[in-house]
Amino acid sequence: MMKTHLGLALAAALMLGGCPKKQPQVDVEALAVDPIVNFQDGLNHLAPSRKGGIDLTVAYQRFVQSAELGGGAHASFNAGWVAEQLGRTEDAERHYGRAIEADSEYLAAIHSLANVLTESGRAAEAAAIYKPFVEAHPENGEVRNDYIR
(Lines give C-alpha, C1' and ligand atoms only; values in the text may rest on other atoms or scores of the structure.)
Protein backbone atom coordinates (compact mmCIF):
# COMPACT_ATOMS: atom_id res chain seq x y z
CA MET A 1 0.00 0.00 0.00
CA MET A 2 2.84 2.38 0.92
CA LYS A 3 4.59 1.71 -2.41
CA THR A 4 1.39 2.51 -4.32
CA HIS A 5 0.96 5.90 -2.64
CA LEU A 6 4.62 6.70 -3.12
CA GLY A 7 4.43 5.66 -6.79
CA LEU A 8 1.32 7.79 -7.38
CA ALA A 9 2.91 10.77 -5.66
CA LEU A 10 6.08 10.40 -7.74
CA ALA A 11 4.09 10.08 -10.99
CA ALA A 12 2.04 13.16 -10.13
CA ALA A 13 5.17 15.15 -9.32
CA LEU A 14 6.81 14.15 -12.59
CA MET A 15 3.71 15.03 -14.61
CA LEU A 16 3.31 18.42 -12.94
CA GLY A 17 7.01 19.22 -13.21
CA GLY A 18 6.92 18.65 -16.95
CA CYS A 19 3.93 20.90 -17.62
CA PRO A 20 4.59 24.18 -19.40
CA LYS A 21 4.38 27.24 -17.19
CA LYS A 22 1.57 29.72 -17.71
CA GLN A 23 2.32 33.41 -17.77
CA PRO A 24 1.11 34.88 -14.49
CA GLN A 25 -1.90 37.16 -14.70
CA VAL A 26 -1.00 40.82 -14.21
CA ASP A 27 -3.19 43.43 -12.57
CA VAL A 28 -3.69 46.06 -15.29
CA GLU A 29 -4.25 48.79 -12.69
CA ALA A 30 -0.97 47.89 -10.98
CA LEU A 31 0.87 48.17 -14.31
CA ALA A 32 -0.21 51.80 -14.49
CA VAL A 33 1.37 52.75 -11.16
CA ASP A 34 3.78 50.11 -9.85
CA PRO A 35 7.36 49.89 -11.13
CA ILE A 36 7.89 46.52 -9.44
CA VAL A 37 4.87 44.93 -11.13
CA ASN A 38 6.13 46.21 -14.50
CA PHE A 39 9.65 44.98 -13.84
CA GLN A 40 8.47 41.50 -12.81
CA ASP A 41 6.14 41.27 -15.80
CA GLY A 42 9.03 42.29 -18.05
CA LEU A 43 11.05 39.40 -16.63
CA ASN A 44 8.09 37.07 -17.16
CA HIS A 45 8.00 38.02 -20.84
CA LEU A 46 11.68 37.13 -21.17
CA ALA A 47 10.96 33.58 -20.01
CA PRO A 48 9.76 31.02 -22.56
CA SER A 49 5.98 30.86 -22.63
CA ARG A 50 3.68 27.95 -23.32
CA LYS A 51 3.94 28.84 -26.99
CA GLY A 52 7.72 28.38 -26.79
CA GLY A 53 8.89 31.93 -27.37
CA ILE A 54 9.73 35.07 -25.49
CA ASP A 55 8.10 38.43 -26.08
CA LEU A 56 10.82 41.06 -26.32
CA THR A 57 8.40 43.79 -27.38
CA VAL A 58 6.20 43.49 -24.29
CA ALA A 59 9.25 42.99 -22.05
CA TYR A 60 10.70 46.24 -23.42
CA GLN A 61 7.45 48.11 -22.78
CA ARG A 62 7.31 46.83 -19.21
CA PHE A 63 10.91 47.77 -18.40
CA VAL A 64 10.45 51.23 -19.91
CA GLN A 65 7.28 51.70 -17.86
CA SER A 66 9.04 50.48 -14.74
CA ALA A 67 11.87 52.96 -15.30
CA GLU A 68 9.42 55.81 -15.93
CA LEU A 69 7.61 54.95 -12.68
CA GLY A 70 10.85 55.17 -10.69
CA GLY A 71 12.05 51.58 -11.05
CA GLY A 72 15.65 52.73 -10.91
CA ALA A 73 18.87 51.64 -12.54
CA HIS A 74 17.95 47.99 -13.05
CA ALA A 75 14.72 48.85 -14.89
CA SER A 76 16.63 51.21 -17.19
CA PHE A 77 19.39 48.65 -17.72
CA ASN A 78 16.90 45.91 -18.61
CA ALA A 79 15.11 48.28 -21.01
CA GLY A 80 18.51 48.91 -22.62
CA TRP A 81 19.34 45.22 -22.88
CA VAL A 82 15.99 44.38 -24.49
CA ALA A 83 16.27 47.37 -26.84
CA GLU A 84 19.68 46.07 -27.88
CA GLN A 85 18.21 42.61 -28.56
CA LEU A 86 15.54 44.27 -30.70
CA GLY A 87 18.23 46.10 -32.70
CA ARG A 88 17.22 49.47 -31.29
CA THR A 89 20.72 50.77 -30.61
CA GLU A 90 19.78 54.39 -29.96
CA ASP A 91 17.17 53.33 -27.40
CA ALA A 92 19.66 50.95 -25.78
CA GLU A 93 22.19 53.78 -25.52
CA ARG A 94 19.61 56.07 -23.90
CA HIS A 95 18.46 53.45 -21.37
CA TYR A 96 21.99 52.40 -20.41
CA GLY A 97 22.83 56.08 -19.91
CA ARG A 98 19.85 56.49 -17.60
CA ALA A 99 20.92 53.43 -15.63
CA ILE A 100 24.32 55.03 -15.10
CA GLU A 101 22.68 58.33 -14.11
CA ALA A 102 20.69 56.42 -11.48
CA ASP A 103 23.74 54.48 -10.26
CA SER A 104 27.13 55.77 -11.38
CA GLU A 105 28.81 52.55 -10.21
CA TYR A 106 26.55 50.13 -12.09
CA LEU A 107 29.28 48.24 -13.96
CA ALA A 108 26.96 46.20 -16.18
CA ALA A 109 25.43 49.44 -17.49
CA ILE A 110 28.86 51.06 -17.91
CA HIS A 111 30.17 48.08 -19.89
CA SER A 112 26.99 47.79 -21.96
CA LEU A 113 26.89 51.47 -22.88
CA ALA A 114 30.59 51.47 -23.72
CA ASN A 115 30.09 48.40 -25.94
CA VAL A 116 27.17 50.01 -27.78
CA LEU A 117 29.22 53.16 -28.35
CA THR A 118 32.30 51.20 -29.46
CA GLU A 119 30.26 49.10 -31.88
CA SER A 120 28.86 52.35 -33.29
CA GLY A 121 32.41 53.59 -33.99
CA ARG A 122 32.37 56.03 -31.06
CA ALA A 123 35.31 54.74 -29.01
CA ALA A 124 36.16 58.16 -27.59
CA GLU A 125 32.66 58.43 -26.12
CA ALA A 126 33.01 54.90 -24.74
CA ALA A 127 36.22 55.91 -22.98
CA ALA A 128 34.42 58.90 -21.46
CA ILE A 129 31.86 56.49 -19.95
CA TYR A 130 34.63 54.57 -18.16
CA LYS A 131 36.65 57.59 -17.02
CA PRO A 132 34.63 58.63 -13.91
CA PHE A 133 34.55 55.05 -12.61
CA VAL A 134 38.29 54.55 -13.22
CA GLU A 135 39.09 57.82 -11.44
CA ALA A 136 36.96 56.79 -8.46
CA HIS A 137 38.32 53.20 -8.41
CA PRO A 138 41.89 53.18 -9.76
CA GLU A 139 42.45 49.76 -8.16
CA ASN A 140 39.89 48.12 -10.46
CA GLY A 141 42.17 46.67 -13.12
CA GLU A 142 39.41 45.16 -15.23
CA VAL A 143 37.61 48.46 -15.79
CA ARG A 144 40.92 50.31 -16.18
CA ASN A 145 41.89 47.87 -18.96
CA ASP A 146 38.54 48.39 -20.67
CA TYR A 147 39.06 52.14 -20.40
CA ILE A 148 42.50 51.89 -21.99
CA ARG A 149 41.21 49.58 -24.72
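No more than 12 heavy-atom neighbours from other residues, nucleotides or ligands sit within 6.0 angstrom of CD1 on Ile36.
Interatomic distance, Glu125 CD to Thr118 OG1, rounded to the nearest 0.5 Å: 10.0 Å. Summarising the geometry, atom CD1 belonging to Ile129 is positioned 5.5 Å from atom CG belonging to Leu117; distances are rounded to the nearest 0.5 Å. If you take CD1 on Ile54 and CG on Asn44, they are separated by 12.5 Å, rounding to the nearest 0.5 Å. Distance check, rounded to the nearest 0.5 Å: CD of Glu29 to CG of Leu31 gives 10.0 Å.
In this structure, Ala128 and Pro132 approach most closely via the heavy-atom pair O-CD, 3.2 Å. Nearest heavy-atom pair, Thr89 versus Ser120, reported as atom, atom and distance to 0.1 Å: CG2-OG, 4.0 Å. Smallest separation of non-hydrogen atoms from Arg149 and Asn115: NH2-OD1, 4.3 Å. For the pair Ala83 and Ala92, the tightest heavy-atom approach, listed with the atom from each and the gap, is CB-N, 3.7 Å. Taking every heavy atom of both residues into account, Ile110 and Ser104 meet most closely at CD1-O, 3.5 Å.
Contact check for Phe77 versus Ser112: side-chain heavy atoms found under the 4.5 Å cut-off. A heavy-atom distance below 4.5 Å is found between the side chains of Leu46 and Leu56. The shortest distance between side-chain heavy atoms of Asp27 and Val37 does not fall below 4.5 Å.
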Without placing hydrogens or testing angles, list every side-chain donor-acceptor pair under 3.5 Å for residues 57-70, not counting sequence neighbours.
residue	atom	partner	partner atom	Å
Tyr60	OH	His95	NE2	2.9
Arg62	NE	Asp41	OD2	2.7
Ser66	OG	Pro35	O	2.8

Tabulate below the donor-acceptor pairs under 3.5 Å that side-chain atoms of residues 138-148 make, not counting sequence neighbours, or state none.
residue	atom	partner	partner atom	Å
Asn140	OD1	Glu142	N	3.2
Asn140	OD1	Val143	N	3.0
Arg144	NH1	Pro138	O	2.4
Asn145	ND2	Gly141	O	3.3
Asp146	OD2	His111	ND1	3.3

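Judged purely by atom type and a 3.5 angstrom limit, Asn38 uses its side chain to pair as donor or acceptor with the backbone of Asp34.
Taking the six-membered ring for Trp and thresholds of 30 and 60 degrees, Tyr106 and His74 have ring planes more than 60 degrees apart, a perpendicular arrangement.
Residues meeting the side chain to side chain donor-acceptor pair (under 3.5 Å) test with Glu93, sequence neighbours left out: Arg122.
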